[in-house]
Every structure is written in C-alpha cells, then in structure tokens.
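Residue numbers start from 1 in every chain, and the chains themselves are labelled A, B, ... in the order their sequence lines are given, proteins ahead of strands.
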Amino acid sequence: MGRSQPATPQKQLVASSISSHSPVYQALLRAGPRLKPLQQVHAHLIVSGTHHNFFLLTKLILLACTSKSAIYTRNLFIFSIKSPDSFIFNNLIRISSKFRFPRDALFFFRRMLLSRIPPSNYTFTSVIKTCADVAALRLGSVVHSHALVNGYGLDSFVLAALVAFYSKCGKLRVARKVFDKMPDRSLVAWNALISGYEQNGFAKESVELFNLMLESGTIPDSATFVSVLSGCAQLGALELGCWVHGYVLQNGFPVNVVLATALINMYARCGKVREAREVFNQMTVRNVVTWTAMISGYGIHGYGSEAVELFHGMRACGPPPNEVTFVTVLSACAHAGLVSEGREIFASMTRDYGLIPEVEHHVCMVDMLGRAGMLDEAFSHIRKLTKPAPAVWTAMLGACKMHKKLNMGVQAAEHLLALEPKDPGHYVMLSNVYALAGRMDRVEMVRNKMMMRGLKKQVGYSTIEIDRKTYLFSMADKSHLETSEIYRYLDDLIRRIGEAGYAPAKDSVLHELEEEEREYALRYHSEKLAVAFGLLKASNGTGIRVVKNLRICEDCHLAIKFISDVTHREITVRDKLRFHHFRDGLCSCADFW
DNA sequence: ATAGGGTTAG
C-alpha cells in the first residue's frame with residue numbers, strides 16, 4: 001500500500017529511515033552537550049544531506065541548548081528548524097529555564113505562542129519557574145491566568161510551580177491560596193510552601209505547615225527537613241529541631257550534605273554548638289557551605305579561637321573558602337577580640353584566594369578594630385574606602401558607643417544619617433551615644449528629630465520554646481494566660497538579685513521615657529519576662545533558652561547574670577548578633593559585645 | 001520532559 005502512494009516528501013522517507021541506531025544519531029550522542037563537536041556533526045549533516053531531518057535536528061538543537069550555547073541554539077531555531085513542534089518548544093523552554101537563561105526561556109515561550117502551538121503543563125511549569133527565578137511577579141501572574149485559560153488550573157505540576165513562584169516573590173498569601181485550592185497536594189507543593197514561609201522569615205508558619213503536612217499523612221523528604229530545620233534555626237526551636245533530627249534517623253532517611261549542613265546550622269543557632277560539631281565530625285562529605293556553617297556557629301557563640309582553628313583546618317584540607325566563609329570567620333574574630341588573627345585572615349583573602357573584600361568584610365574589620373578599642377585604626381580603615389556603605393558607619397558608631405567616644409560617634413552618625421535618614425535605629429544609637437556622654441540636651445534633640453520624621457523604634461520581643469511550643473513576649477506584655485504569675489515571679493527574682501548586689505542600669509533604656517517610667521520599662525523588658533516564664537515552666541536542671549530579635553540591653557544582660565547565679569540555672573540568650581551563655585553570674589561574651 | 005533544599009557583617 002505504501003508503494004501505491006505518490007512519491008511524497010523525500011523528507012518523510014528519510015526521516016523514517018533514520019532511527020536512534022543510525023550512525024549520525026550516534027555521532028550526535030557522542031558529541032553530547034558540547035558546542036564544537038555538535039557543530040562538527042552539524043557540518044556532517046549538511047554534507048550528507050540529512051540536515052533537513054527533523055528527528056536529527058531536534059536532537060541537535062536540544063543538545064545545543066543543553067551546552068548553554070545560546071546564540072548557536074537561537075540560530076538553529078531561526079534558520080534550520082522550519083516549524084518547531086511542541087516537543088521542541090517545551091524542551092527548549094525547560095532547558096533554558098533549568099540553566100537559568102530566563103531571557104531565552106521567555107523568548108521561546110513567546111515564539112511558541114506566536115506559532116499558535118498550544119502550551120502544555122510542561123510549558124507552564126518551566127515558564128513559571130523562570131518567572132520565579134527572576135522574581136517577575138507581573139509576568140508570572142499573567143502566565144498564571146494564561147494557564148487557567150488553557151485548562152491547567154488543577155494540574156498538580158503547574159500549581160506546585162505557582163506556589164513556588166508566589167513564595168519566591170514574597171507573596172505568601174497568594175501562594176497559600178493556590179496551595180489551599182489544590183485538589184491533591186504533591187510533596188513538592190508542600191515543600192515549596194514550607195520553604196517559602198521559611199525563606200521569607202515566617203518560620204512559625206513554616207513549622208505549622210509542616211505539622212499540617214504530617215497530619216495529612218504526606219511523607220516528608222530531605223527537602224522538607226531542610227526547610228523545617230532552617231525554620232527551627234530561625235526560631236531557636238531546639239526541641240522541634242531535635243525531634244526532626246530523631247525523625248530523620250529513626251525512619252532511615254538518608255542524610256545528605258545539605259541536610260547535614262541544615263542540622264549543623266540548627267544546632268548552632270539553637271545554642272548547641274557541641275552537637276553541631278558532632279554532626280560535622282560524622283559527615284563524610286563536606287562542602288564550603290558545611291564548613292562555613294560550622295565556623296559561623298563558633299563565631300556566634302563567641303568561640304573565636306575555635307572558629308579560627310576550624311578555618312585553618314579548612315584551608316589545610318577542605319574546599320577553598322568563599323566570600324561568605326570570610327564574613328563568618330572575620331566576624332568570629334571581631335566578637336572574640338582576635339585582632340591580629342583577623343588582620344592576617346583579611347589579608348589572605350585576596351592574597352591566597354583572589355577574593356576582593358566587599359562591604360560586609362569591611363564592616364567586620366571596622367567592627368573588629370572598633371570593639372578592640374582601636375578606633376583610630378577603624379576610622380582609617382573606613383577612610384581607605386572610596387564610598388563607605390552605611391553598614392560600615394553603623395559598625396563604627398557601635399564601637400564609639402561601646403567606648404564612649406562622643407566626637408567620633410557623632411561624626412559617624414552624621415555620615416549615617418546623611419545616607420539613611422529614615423532608619424530609626426541610627427537615631428536610637430546616636431541618642432544613646434549622647435546619653436552616655438551626659439548630653440541630655442542632645443538626646444532630646446535627636447528624639448525630636450526622630451519623632452518629627454515619623455520614625456519609630458523597632459519593637460523588641462523575645463521568644464522561648466517550652467514543650468515544642470514557642471511563646472512570644474513583648475515589653476510589659478500582659479497578654480499571657482499566666483501573666484500575674486509571671487510578674488509576681490519576676491518581681492520576686494528582681495528583689496532577690498537586688499539583695500545579691502544588682503542595681504538597674506537605667507542608662508541603657510531608650511530615652512523616650514520619663515525618669516520614673518524608666519525603671520518600670522527596664523523591669524519588664526521582654527527578655528526578662530521570657531526568662532521568668534522559662535524558669536517557671538522548664539523543669540529543673542534544664543537550661544533556659546531565650547531568643548531576642550534585637551540586641552540584649554545592658555540592664556537585662558546584668559540582671560540575667562545575677563539571675564543565673566541566684567537560681568543556679570544556665571540561661572542562654574540569643575540576641576540579634578550572637579549568643580550569651582549565662583552561668584554562675586557570668587556571661588560567655590565576657591561583657592564584650 | 002514537569003515543581004521544592006543548607007552558609008553572610010552591623
């Protein structure tokens with residue numbers, strides 16, 4: 001029957017005769033995703049007259065795209081492929097999106113629409129992923145409607161991609177809405193939203209969703225654990241973090257590098273640096289992120305020499321440190337007063353690794369020199385910079401406050417306020433510098449300026465985890481069920497530490513308040529409330545772990561030292577910058593923070 | 001052929 005057909009397209013005949021066993025196809029496979037070999041095979045196709053073969057051209061262009069040769073791929077697309085089919089379009093879009101060539105992915109998508117080839121769920125997932133990569137909210141929303149119109153409103157792949165997309169754009173409410181409407185939620189959809197919450201700072205929501213996931217009977221995987229552990233790290237939720245670790249081990253889930261690194265980070269940020277090191281030691285494969293997480297862990301606990309030692313270990317037998325590694329090790333030096341070590345490490349950055357110091361490294365250097373009381377050196381470090389970033393001046397101002405250097409502090413603050421006139425934190429700092437110098441007239445002036453500009457001090461709060469639940473306290477908080485008990489207990493504690501020699505450090509309260517209000521405000525700072533609650537609730541012998549969103553104040557620091565002494569309890573406070581381990585009336589930061 | 005993951009200064 002085939003014979004009786006008119007001799008229609010020679011092409012078709014050739015196409016059918018070329019299979020995946022043919023020598024040319026094998027040559028393409030051998031070439032793989034490499035530009036030069038592909039072009040050689042291409043030349044061979046032309047010479048042998050098979051360069052119109054659709055099957056071969058499809059393989060060629062997809063390999064070209066995989067080889068990341070964007071120009072060659074586009075040329076093949078424009079000049080060699082007469083009428084690309086949906087398979088070619090979908091794969092070009094997918095590969096371009098996978099290798100982060102968003103412009104190409106969108107180019108092919110537009111061409112697909114212009115060719116009137118209907119996009120499929122494959123098309124939409126890749127295009128949405130591309131929109132997520134470049135956080136193109138408007139475009140992504142248009143593609144979303146497009147997907148709905150094309151009948152993919154219930155497709156689990158498309159919807160999972162949309163959840164990830166809205167999460168990446170910070171639109172968690174929309175992401176949640178899409179997620180809630182999914183008829184059957186895939187593991188990836190759960191993971192995308194859990195990660196979305198965590199990445200956008202909504203650790204609590206992330207953990208809550210994880211619990212819903214378990215209740216729904218969906219089995220989590222390593223990506224789930226990684227996001228939840230990051231959430232635990234954010235929250236300082238050690239109990240939950242330990243539970244996740246146990247769950248992973250008991251159920252025999254494989255612990256890969258990323259998961260182990262997330263565990264290190266969780267333990268370190270929950271105050272358990274020894275446990276973090278244990279995970280680190282047990283790993284067989286460690287990459288630069290692993291090492292950096294461990295060094296950072298030591299740093300935030302004030303264990304500068306351990307951080308430096310590990311850094312040298314990394315130099316000797318680990319992967320090359322990257323710019324993040326240097327930030328963490330320099331910060332560790334700054335917090336531990338390791339000036340000469342820090343200087344040497346800073347120098348090695350460019351000398352040994354060809355890394356150019358960025359703003360964050362300069363911030364660490366200024367912080368390090370400034371904390372150590374070497375304010376002139378810190379200042380001259382700034383002067384060497386062509387355009388000092390605000391953060392550098394923030395570090396300088398912090399050092400001036402610490403060492404009560406009024407003139408230099410005012411100078412730093414002036415630079416800072418010129419650069420960032422809307423940051424309330426800078427005004428607070430400056431007013432504190434004036435207060436410490438006894439210039440109450442100036443304190444008043446800064447406060448007025450702040451009010452006139454409609455700026456408000458950031459609200460401080462502290463959290464504490466009891467029985468895998470996190471409780472939040474703000475200053476003079478009375479929203480808790482056991483408020484009266486907590487206040488009674490705290491008042492009694494303050495009486496006891498008063499007998500032991502504690503006197504409120506009234507200077508450390510923000511001078512927005514009148515004299516008689518100050519002591520009251522200090523007395524019921526969120527961290528004190530959280531500590532009191534912890535002492536009431538946590539069983540004897542266990543440590544108290546509090547997380548504060550801002551830096552701990554001078555008075556709370558002093559009070560908690562006394563509290564650790566009179567109650568014989570270990571108290572850990574993680575503030576915005578680092579850990580304070582209080583024990584027997586002393587703090588691990590040695591009052592150097 | 002489809003979607004999700006770990007480290008960063010003040």
Side-chain angles (χ1 to χ4, degrees), chain A residues 62 86-95 97-98 120-129 132 152 155-165 167-168 185-196 198-199 220-230 233 256-266 268-269 286-297 299-300 321-335 357-368 370-371 389-399 416 423 425-426 429 551 576-578:
Chain A
L62 295 183
S86 70
F87 183 83
I88 288 188
F89 273 118
N90 283 335
N91 280 294
L92 286 176
I93 294 168
R94 182 181 60 85
I95 296 164
S97 119
K98 184 176 161 195
S120 71
N121 53 350
Y122 287 93
T123 325
F124 284 117
T125 44
S126 305
V127 173
I128 293 163
K129 179 183 157 44
Y152 293 105
D155 185 275
S156 101
F157 288 94
V158 173
L159 291 174
L162 282 168
V163 171
F165 161 71
S167 295
K168 283 245 167 74
R185 292 162 196 145
S186 63
L187 171 60
V188 175
W190 282 101
N191 287 351
L193 193 56
I194 290 173
S195 149
E198 186 273 312
Q199 295 276 318
D221 72 353
S222 61
T224 325
F225 301 132
V226 168
S227 295
V228 175
L229 288 168
S230 299
N256 59 27
V257 194
V258 179
L259 180 49
T261 304
L263 280 168
I264 291 174
N265 187 43
M266 183 278 290
R269 301 194 78 86
R286 307 181 187 100
N287 62 24
V288 59
V289 182
T290 314
W291 286 86
T292 305
M294 194 61 237
I295 291 170
S296 157
I300 56 175
N322 65 16
E323 58 282 1
V324 181
T325 316
F326 278 100
V327 171
T328 59
V329 70
L330 289 173
S331 162
C333 291
H335 283 273
E358 296 286 337
V359 177
E360 47 273 42
H361 304 104
H362 292 303
V363 171
C364 292
M365 290 307 283
V366 171
D367 186 39
M368 182 181 89
R371 277 171 194 276
V392 179
W393 289 116
T394 310
M396 187 71 206
L397 180 54
L416 204 46
D423 189 325
H426 302 337
M429 270 294 249
R551 298 206 59 185
K576 198 179 178 198
L577 295 187
R578 56 163 298 159

Taking [atom1] from [X] and [atom2] from [N], how many angstroms apart are they, rounded to a whole number?
{"X": "Tyr152(A)", "N": "dA3(B)", "atom1": "OH", "atom2": "P", "value": "16 Å"}
{"X": "Arg371(A)", "N": "dG10(B)", "atom1": "CZ", "atom2": "C1'", "value": "9 Å"}
{"X": "Leu229(A)", "N": "dG6(B)", "atom1": "CG", "atom2": "P", "value": "11 Å"}
{"X": "Leu259(A)", "N": "dT7(B)", "atom1": "CG", "atom2": "P", "value": "12 Å"}
{"X": "Ile264(A)", "N": "dT8(B)", "atom1": "CD1", "atom2": "P", "value": "12 Å"}
{"X": "Asn91(A)", "N": "dA1(B)", "atom1": "CG", "atom2": "P", "value": "7 Å"}
{"X": "Leu187(A)", "N": "dA3(B)", "atom1": "CG", "atom2": "P", "value": "14 Å"}
{"X": "Phe124(A)", "N": "dA1(B)", "atom1": "CZ", "atom2": "C1'", "value": "16 Å"}

Nearest to the side chain of [X] - [options]?
{"X": "Phe87(A)", "options": "dT8(B), dA9(B), dA1(B)", "value": "dA1(B)"}
{"X": "Asn90(A)", "options": "dG5(B), dA1(B), dG10(B)", "value": "dA1(B)"}
{"X": "Tyr122(A)", "options": "dG4(B), dA1(B), dG6(B)", "value": "dA1(B)"}
{"X": "Val327(A)", "options": "dA9(B), dG5(B), dT2(B)", "value": "dA9(B)"}
{"X": "Thr292(A)", "options": "dT7(B), dA1(B), dG5(B)", "value": "dT7(B)"}
{"X": "Ser227(A)", "options": "dA1(B), dG5(B), dA9(B)", "value": "dG5(B)"}
{"X": "Lys129(A)", "options": "dG5(B), dA3(B), dT7(B)", "value": "dA3(B)"}
{"X": "Ala192(A)", "options": "dT8(B), dG10(B), dG4(B)", "value": "dG4(B)"}
{"X": "Ser230(A)", "options": "dG6(B), dG4(B), dA3(B)", "value": "dG6(B)"}

With sugar-phosphate meaning primed atoms plus P, OP1 and OP2, does [X] contact a base, only sugar-phosphate, or nothing at under 4.0 Å between heavy atoms?
{"X": "Thr123(A)", "answer": "nothing"}
{"X": "His335(A)", "answer": "sugar-phosphate"}
{"X": "Ala164(A)", "answer": "sugar-phosphate"}
{"X": "Asn287(A)", "answer": "base"}
{"X": "Val257(A)", "answer": "base"}
{"X": "Ser126(A)", "answer": "nothing"}
{"X": "Asn265(A)", "answer": "sugar-phosphate"}
{"X": "Ser167(A)", "answer": "nothing"}

Please check the phosphate of [N] (OP1 and OP2 only) for any side-chain N or O of [X] closer than 4.0 Å.
{"X": "Gln199(A)", "N": "dG6(B)", "result": "yes"}
{"X": "Arg269(A)", "N": "dG6(B)", "result": "no"}
{"X": "His362(A)", "N": "dG10(B)", "result": "no"}
{"X": "Asn121(A)", "N": "dT2(B)", "result": "no"}
{"X": "Thr261(A)", "N": "dT7(B)", "result": "no"}

Can you check whether Ser86(A)'s main-chain N or O pairs, donor with acceptor, with Asn90(A)'s side chain at less than 3.5 Å?
->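 Yes, the answer is positive, given that a donor and an acceptor are paired below the 3.5 Å cut-off.
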By centroid distance (under 5.5 Å) and plane angle (under 30°), are Phe157(A) and dA3(B) in a stacked arrangement?
->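 The ring of Phe157(A) is not stacked on dA3(B).
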Could you check whether the side chain of [X] and the base of [N] have a donor-acceptor pair of N or O atoms closer than 3.5 Å, going by distance alone?
{"X": "Ser222(A)", "N": "dG5(B)", "result": "yes"}
{"X": "Asp221(A)", "N": "dG4(B)", "result": "yes"}
{"X": "Thr394(A)", "N": "dG10(B)", "result": "no"}

Looking at every non-hydrogen atom in both residues, tell me the closest pair between [X] and [Y] and how far apart they are.
{"X": "Ala268(A)", "Y": "Gly297(A)", "answer": "CB-CA, 3.7 Å"}
{"X": "Ala334(A)", "Y": "Cys364(A)", "answer": "CB-O, 4.1 Å"}
{"X": "Ala332(A)", "Y": "Gly299(A)", "answer": "CB-CA, 3.6 Å"}
{"X": "Leu259(A)", "Y": "Val226(A)", "answer": "CA-CG2, 3.8 Å"}
{"X": "Thr290(A)", "Y": "Val257(A)", "answer": "OG1-CG1, 3.5 Å"}

Can you find a pair of side-chain heavy atoms, one from Trp291(A) and one from Thr328(A), that are under 4.5 Å apart?
->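 Trp291(A) does not reach Thr328(A) side chain to side chain.
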side-chain contact (heavy atoms from CB on, under 4.5 Å) with Thr394(A): which of Leu416(A), Asp423(A), Val366(A)?
->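 Per the side-chain contact (heavy atoms from CB on, under 4.5 Å) rule, the option paired with Thr394(A) is Leu416(A), out of Leu416(A), Asp423(A), Val366(A).
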